[in-house]
**Q** 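Dropping the structure in here first, questions after.
Model, not experiment: these values are computed from the prediction. First the proteins, then the strands, lettered A, B, ... as listed; each starts at 1.
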Amino acid sequence: MSKGSNIVHLLGSATGSVRDNLATTVVTALTVGFSLAILAQFLFVFINLDAAVSTWGDRTHIVVYIKDTAMRGPGSIERIKGASLAVPGIKSVAYISKDDAYAELKAGMKGHEAVLAGVDAGALPASIELRLDPEYMEGAKAAGVVERFKKMDWAEEVQYSQEWVEKFAAFLRFFEVAAFGAGIFLVGVTVFIVSNTVRLTVYARQDEIEIMSLVGATDNYIKLPFFVEGVLQGLIGGLLAVFIIYAGRWALLSRMPVYLRFVVDVPVSWTMAVAAVFAFGIVLGAAGSLLSTSRFLKSC
Amino acid sequence: MSKGSNIVHLLGSATGSVRDNLATTVVTALTVGFSLAILAQFLFVFINLDAAVSTWGDRTHIVVYIKDTAMRGPGSIERIKGASLAVPGIKSVAYISKDDAYAELKAGMKGHEAVLAGVDAGALPASIELRLDPEYMEGAKAAGVVERFKKMDWAEEVQYSQEWVEKFAAFLRFFEVAAFGAGIFLVGVTVFIVSNTVRLTVYARQDEIEIMSLVGATDNYIKLPFFVEGVLQGLIGGLLAVFIIYAGRWALLSRMPVYLRFVVDVPVSWTMAVAAVFAFGIVLGAAGSLLSTSRFLKSC
Amino acid sequence: MKGSRPVFPDYRGRPRLPALRRAQSVMIQLFHVYKTFEGAGTALHDVTLKVAKGEFVFITGPSGAGKSTLLNIMFGSEAPTGGQLIIDGRNYIKIPRSDVPYLRRRIGFVFQDFKLLHDKTVFDNVALALRVMGVETGELKKRVARALSYVRLQHRANFKVETLSGGEQQRVAIARAVVKEPAIILADEPTGNLDPHLSLETIELFKEVNNKGTTVVVATHDQGLIDRFAKRAIVLEQGRVVSG
Amino acid sequence: MKGSRPVFPDYRGRPRLPALRRAQSVMIQLFHVYKTFEGAGTALHDVTLKVAKGEFVFITGPSGAGKSTLLNIMFGSEAPTGGQLIIDGRNYIKIPRSDVPYLRRRIGFVFQDFKLLHDKTVFDNVALALRVMGVETGELKKRVARALSYVRLQHRANFKVETLSGGEQQRVAIARAVVKEPAIILADEPTGNLDPHLSLETIELFKEVNNKGTTVVVATHDQGLIDRFAKRAIVLEQGRVVSG
Ligand SMILES: Nc1ncnc2c1ncn2[C@@H]1O[C@H](COP(=O)(O)OP(=O)(O)OP(=O)(O)O)[C@@H](O)[C@H]1O
Ligand SMILES: Nc1ncnc2c1ncn2[C@@H]1O[C@H](COP(=O)(O)OP(=O)(O)OP(=O)(O)O)[C@@H](O)[C@H]1O
Ligand SMILES: [Mg+2]
Ligand SMILES: [Mg+2]
């Protein structure tokens, strides 16, 4: 009656039980797998879109046109850049010379080049482009930054597409809330479906539980096979989920326009993602079976 | 032993059975509801995005700049428009006069107005904007249309962003395939989870089925309570799904930037959508229970 | 339900086949019936027997002799591996699956393991046998009450079966068999959980039903009962009929 | 497993309480035990009785008298509504839930409805009682084989229980109770599905186990057995002890 042989027996009985209930084990595993796959793919798309949105966010900027008079004298550009960076909320500063501006305009006018025939490069003002820290993109804060630049003596005009930033910030906030809500909902549904499936499995085997208890099995001894089964279901489910995700990704990538591919890309390392899906599957299966058996045993 | 009283008894026994198995009925109904809600919301987003994508598709167009010489003489513009519309694949024609073109350019140069100081409205060419039928947006066909316009004697230059259209057509095709695949997958998962839940419910009541068969119940008599239960589960599930969709839509709309709202809008009438979700729920529940009981009875 | 013999409505209302008229005095007939279970050997070996209409027969023999198997074959819930089986003029072996329920309605079976619905009441368990036949509520209540009083369980009608004692459950199973007023009663060890007094009462009940025309076959270990009621007894041993 | 009495490992290995030493000759003791079921009246009414260590007692009485309820209370699977219960020197009423399994390992119970796992083999059903105790495979196999041969079921070891006859199933239940070599055997109607010969053999088996020191309590309707074995019989009627 040593502890060791006890555990061997427990595990033996557990795997035996899995063998006996293969059909339900497989069915539950499939449910776990499908649920997990949907959840995981949702998370990937979410994380990727979130990253993309942040990148796009980087592209909003404030343009400050510089008075021609302020550009005279050596080092004046460096001074302007330094002063700009010192303003709180400014992430980066880029200088666009008169020549750069002309080249840019010309590129933007492709097909209408004739229009620019009489225009001289010197006619355009030089400018600096400022990028904001994300937390400064919000309406009031951004306006404050713009005000500070308007007061600079070298600034001729400050351009900032207030409306776009507000829209964008609202979108970001909305997207975060919506995706978070949807994620919670999906996790809830997955947990619910899995625990429900396990509950029905336990229910179908209540005779077995009752009889084991009557011949003197401890609660833990009774729970173990269900636990092992739950873990196994989670494992198989996780494996299935990984397979579905991988297959789905392959099917998508082979057809998807290149610039959209990032949406289905796995954001973290492949190994990490597989491990996470596995772990969640196992936790789901284990928790589901433990909860169901405990509830059932208490009513015995 | 009249047929009528027989049916009354059958239905009586069926509702009695639902009462006795309230817990599992509710649990299955919840599963159906969650699955349906996810499926329906996915379908709505899909239909809406699909519609949006078609609209955007409308915005790609061919621009044909018109030779100044071709514009002399009364009715010449009407002739050009008529000739353009006659080309197969052309959906609509819009004429942009020299003045329109100048106004457009000026609007596009906001902040750089100085550049246009020396430019005269007459310097820009007049043009027509052509929209293509969707089936002509594909690479080779679009190129054919462009060729035909290049040969027109009044055409100075034809602009058509070949690359964008190809990308866009690929995206459309990809989106259709991907969404179709995802939809099939979701329907499959929903049917699987529901039928699995019903199967386990039937399994938990196999004694009842066996005993009814032993005392002389016909197969249909045995199936009816499960059928009624399935329909009821589908109904409750459908109700829940409608509620989740409605609540989710409300939560999203109250926070969502206006220009994104179309994504969660119900594309068909609200009544139609509710009816469809209901109908699918009922079909799922009924089919699930019938399949499971039939399979079980056959093995009796 | 019309006619003078309402308790035994004819099998699905079909007229009996004229060719089988002469055989009508025989209710159950087995010809060279075999039953083997994969890997478990032979449960029934060349069993040929005849039970007349309205007869009362005991089947006895040691544990595992094949008594339950024989009754199950008569009930159509187990198919013989060989031989022929005629119940009330119909060849059981060739009956389509969809007709089986109608045959079962004419046979009341008391299962050795009762086969009751444990989470349903006594009333519902007994009523089930009538409900599946579409008997109307009024008549159903009357007949169930009568059957429960036969087995002295009126006072337990609204209790769930799982709260009953072993003997009480066995009596519910008996009530469910007799409530149908069937053409045949097959009872498998119906007194195993009953005290001597109730055992006698149960067999008396079967005799009463038998006097009204029902054919009764009772499998039992209780030699005392067989001796006391002095009815024909078929003795099985290792799947063979050794006497009777 | 060491020591000269390996068959009755002490309850969780704890030393017996010295104060209870004197009571050791009493195995089961009930003081004014009542059991009422909501709405169903009284199943046991003021039952006071004592079963000595190593005694062999029959419990008898009509169907519904309370025999099973009494055994279930002795087994701790049903709690009395009133009174005290002492098994082997421990007050059963106050035992924490987590100790119940260890007490059940010392009691072999033959349930009236067998409580077997139908889709498991005979071997697995009997072995389960040892497996939950952590007995090693070698010894387990030996002991299960021995128990099955006691009840004449060696040849059925690898059959699923659902394929067995009623009497065979009952013997599996008996084998599962004796295989534990328990301190107490509680058997509820253990011969209801057995022919007279096997019934005698079963009681002989219990007597043999009893001779080795096990306390045996058998609930039965079979007056013949009680007469034949001339052991003490407690007679219950409507929940009261009327003799014994
Ligand atoms: N489904 C089955 N598979 C294998 N063997 C079976 C099956 N059903 C019955 N048997 C075997 O057939 C034999 C006869 O069984 P049966 O139940 O008819 O016996 P019985 O006479 O009713 O016994 P008892 O008095 O114990 O109820 C038994 O040995 C049993 O193990
Ligand atoms: N859980 C319960 N709820 C309600 N009544 C119960 C419950 N369990 C037992 N009873 C009732 O208590 C009485 C005694 O039951 P018990 O099972 O002890 O009788 P018994 O002597 O074993 O009878 P039998 O010989 O028929 O097995 C019976 O009338 C029974 O209906
Ligand atoms: Mg039998
Ligand atoms: Mg009892």
**Q** Could you grab the distance from atom CG of C:D113 to atom CD of D:Q169, nearest 0.5 Å is fine?
**A**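 The distance works out to 7.0 Å.
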**Q** Sort out for me which of D:G192, D:G167, D:S165, D:A43 touches chain C most, counting heavy-atom pairs under 4.5 Å.
**A**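 It is D:G192.
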**Q** Tell me whether the count of non-hydrogen atoms from other residues, nucleotides or ligands lying under 6.0 Å of CD in C:E78 goes above 12.
**A**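 Check passes, neighbour count above 12.
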**Q** Can you see whether C:E189 engages D:N193 through a side-chain donor-acceptor pair at a distance of less than 3.5 angstrom?
**A**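 Distance-only check fails for C:E189 and D:N193.
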**Q** Is atom NZ of C:K160 surrounded by more than 12 heavy atoms (other residues, nucleotides or ligands) closer than 6.0 Å?
**A**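 Not more than 12 within 6.0 Å, no.
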**Q** Measure D:F159 against the heavy atoms of chain C and call it side chain, backbone, both or neither at under 4.5 Å.
**A**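 Contact with chain C: side chain only.
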**Q** Which value, rounded to the nearest 0.5 Å, describes the distance between C:Q170 atom CD and D:Q112 atom CD?
**A**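 It is 9.0 Å, given to the nearest 0.5 Å.
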**Q** Looking only at the side chains, is there a donor atom on one of D:S63 and C:R152 sitting less than 3.5 Å from an acceptor on the other?
**A**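 The answer is no; no qualifying pair exists.
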**Q** Flag yes if more than 12 heavy atoms outside D:R228 fall under 6.0 Å of its CZ atom; otherwise flag no.
**A**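 No, CZ of D:R228 has 12 or fewer neighbouring heavy atoms, counting only those of other groups under 6.0 Å.
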